[in-house]
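Beneath this line is the structure, given in structure tokens, with notes to follow.
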Number of protein chains: 2
Amino acid sequence: MSRTAFFISDGTGITAESLGRSLLAQFENVELRMLTKPYIDTLDKARTLVDIITGAAARDGEEPIIIDTIVDESIREVIRSAPGFKIDIFSTFLKPLEKELGTHSSYTVGRTHSIGQDEVYMDRIHSVHFALDNDDGARTHQYNQADVILIGVSRCGKTPTSLYLALQFGIRAANYPLTEDDLDEDGSLKLPRALAQHRHKLFGLTIDPRRLAAIRHERRPNSRYSSLDQCVQEVEQAEGLYRQMHIPYIDTTRFSIEEISTRMIAETGLTRRFSPR
Amino acid sequence: MSRTAFFISDGTGITAESLGRSLLAQFENVELRMLTKPYIDTLDKARTLVDIITGAAARDGEEPIIIDTIVDESIREVIRSAPGFKIDIFSTFLKPLEKELGTHSSYTVGRTHSIGQDEVYMDRIHSVHFALDNDDGARTHQYNQADVILIGVSRCGKTPTSLYLALQFGIRAANYPLTEDDLDEDGSLKLPRALAQHRHKLFGLTIDPRRLAAIRHERRPNSRYSSLDQCVQEVEQAEGLYRQMHIPYIDTTRFSIEEISTRMIAETGLTRRFSPR
């Protein structure tokens with residue numbers, strides 16, 4: 001029987017969940033059922049949630065872990081009445097911060113993930129559409145506007161990474177597939193012509209050939225495209241090109257899209273147009 | 001002169017930044033320059049960072065705010081030597097959690113955003129490609145596989161929202177544009193035929209017509225498409241359809257993509273295929 005952890009917020013729940021998962025990931029051997037409860041922004045919703053928490057405690061036979069980022073004092077009070085081990089993030093840190101900053105906090109519900117300025121929204125939309133318009137080598141004439149151009153074999157993770165960079169950081173990421181069209185006579189890849197004048201913007205992705213074969217198999221089962229031999233060969237050629245041309249690259253097998261994106265930013269000095277909210 | 005806040009992590013920095021921004025957003029009147037420093041996973045990197053922090057303190061004439069989620073004790077020790085007001089998230093909460101859970105934490109660097117299981121990765125890739133394949137009404141024959149179908153006028157935020165749902169939660173979101181092709185003789189919108197049999201999966205987006213005009217203006221300046229009159233009319237027709245057909249909807253003007261997505265999930269009971277890491 002496993003214990004339940006609740007991540008509770010008056011807003012999106014992103015902060016509470018992110019912190020909660022970070023903390024609980026440190027306990028490898030503890031099995032926990034994790035539930036995120038966003039938009040707990042009225043006393044009524046808080047009371048309903050207390051019933052849910054009480055039910056979980058009874059079913060589990062153990063008190064839940066409760067991690068919250070609720071700002072409103074009276075709502076927090078209700079949550080406090082639930083059975084559980086409570087980590088109250090805001091009351092832990094806001095008081096000392098108020099003292100340090102010499103001012104009171106505004107305690108505004110849901111402030112963190114509100115949209116902020118129009119520019120952020122526009123930049124975000126613009127970057128997403130840039131990624132889509134410049135996906136998979138569809139166009140190359142906008143590369144002068146790109147912040148980065150991801151390259152790699154088909155299905156190594158270029159598209160999701162481009163989109164994540166656009167959504168989270170407003171980075172304009174194009175991507176271009178490395179294919180057999182660009183093979184030299186000796187079987188090695190040469191830099192596709194469209195990319196040659198943008199060498200300083202290139203970033204390579206690579207992937208374990210077995211993982212690649214599995215991903216391609218979902219798309220085109222039992223094809224040459226998804227065969228392990230073909231995947232091994234393409235990956236070798238791509239990595240050869242990266243090394244030869246000194247193009248920085250990351251292995252997407254080992255990392256999540258968050259890690260690939262943040263590592264790229266850290267390594268290349270790419271500038272975020274805005275910050276995740 | 002503004003003070004600096006550092007969000008420091010041995011991993012992506014997503015948790016430290018998310019929590020840091022949440023906390024500091026409560027201090028509306030305090031101007032802070034916020035810097036995220038991810039992948040501080042060696043003593044050398046930590047020492048370099050201490051120099052940067054010391055420089056910021058000297059330049060600002062005030063000590064920085066330092067918020068970190070570093071797990072390794074010796075690296076944390078180095079950061080502790082920097083001048084600043086420190087919020088050490090892990091040491092604050094891990095000890096009490098260890099006691100409550102009756103076990104030691106594993107203190108593993110970068111554990112939070114590691115990729116976990118292959119399935120999560122595959123699900124994510126699959127959902128992103130589903131969103132792309134089913135973007136803007138491009139196809140309708142896969143709607144039986146969709147978890148949700150977003151509808152709305154051109155440029156109201158359908159595509160970024162679909163992609164966010166795919167990337168963050170593995171939700172398969174198609175989207176379909178409401179256009180003049182579906183106007184009735186009386187000038188009201190009728191439900192497009194492709195959507196009729198999937199009514200329970202529909203979710204509407206709407207937007208302030210002025211914001212819509214501004215967004216469309218970026219794409220096609222001074223066109224009928226981007227005129228305020230046209231935008232007012234289309235938005236009215238769309239909202240009329242939502243009300244008439246009892247389709248739940250959200251105004252994207254007021255909310256960020258995070259908020260739109262998490263509110264949709266909360267309102268509709270959509271199931272996340274995995275959790276953000």
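All figures in this text were calculated on a predicted structure; none of them were measured in a lab. Below, all heavy atoms of this structure are taken into account, side chains as well, without hydrogens, waters or symmetry copies. Residue numbering restarts at 1 for every chain, and letters A, B, ... go by the order of the sequence lines.
For A:Ile65, the part lying near chain B is the side chain, with the backbone staying farther off; criterion is any non-hydrogen pair under 4.5 Å. Heavy atoms closer than 4.5 Å to chain B are found in the side chain of A:Arg155, but not in its backbone. Heavy atoms closer than 4.5 Å to chain B are found in the side chain of A:Thr36, but not in its backbone. Proximity to chain B (any heavy atom under 4.5 Å) is shown, for A:Thr69, by neither the backbone nor the side chain. Interface residue A:His104: only backbone heavy atoms are found under 4.5 Å from chain B. Within the 4.5 angstrom heavy-atom criterion, only side-chain atoms of A:Leu167, from C-beta onward, approach chain B. Within the 4.5 angstrom heavy-atom criterion, only side-chain atoms of A:Leu24, from C-beta onward, approach chain B. Contact annotation for A:Ala214: both backbone and side-chain heavy atoms come within less than 4.5 Å of a heavy atom of chain B. Proximity to chain B is absent for every atom of A:Ser261, based on heavy atoms less than 4.5 angstrom apart. Heavy atoms closer than 4.5 Å to chain B are found in both the backbone and the side chain of A:Tyr164.
Checked for salt-bridge contact, B:Asp251 and B:Arg263 miss the test: no charged N lies under 4.0 Å from a carboxylate O. Between B:Lys86 and B:Asp68, no side-chain nitrogen of the basic residue sits less than 4.0 Å from a carboxylate oxygen of the acidic one, so the salt-bridge criterion is not met. The residues A:Arg272 and B:Glu17 are annotated as salt-bridged, a charged nitrogen and a carboxylate oxygen being separated by less than 4.0 angstrom. Comment: B:Glu258 engages A:Arg124 in a salt bridge, judged by a side-chain N to carboxylate O separation of less than 4.0 angstrom. For the pair B:Arg76 and B:Asp72, the salt-bridge criterion is not met [side-chain N within less than 4.0 Å of a carboxylate O]. Using a cutoff of 4.0 Å between basic side-chain nitrogens and carboxylate oxygens, B:Lys37 and B:Asp10 are not scored as salt-bridged.
Atoms OG and CG, on B:Ser18 and A:Leu19 in that order, are 8.0 Å from each other to the nearest 0.5 Å.
When each of A:Thr103, A:Asn29, A:Leu97, A:Ile215 is scored by its heavy-atom pairs under 4.5 Å with chain B, the top score falls to A:Leu97. Among B:Leu101, B:Val30, B:Val128, the residue making the largest number of heavy-atom pairs under 4.5 Å with chain A is B:Leu101.
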Q) Would A:Asn175 and A:Asn134 satisfy side chain to side chain contact (heavy atoms under 4.5 Å, CB included), going step by step from the backbone distance to the final call? A) CA-CA 6 Å; A:Asn175 76 76; A:Asn134 293 279; over 6 Å; no

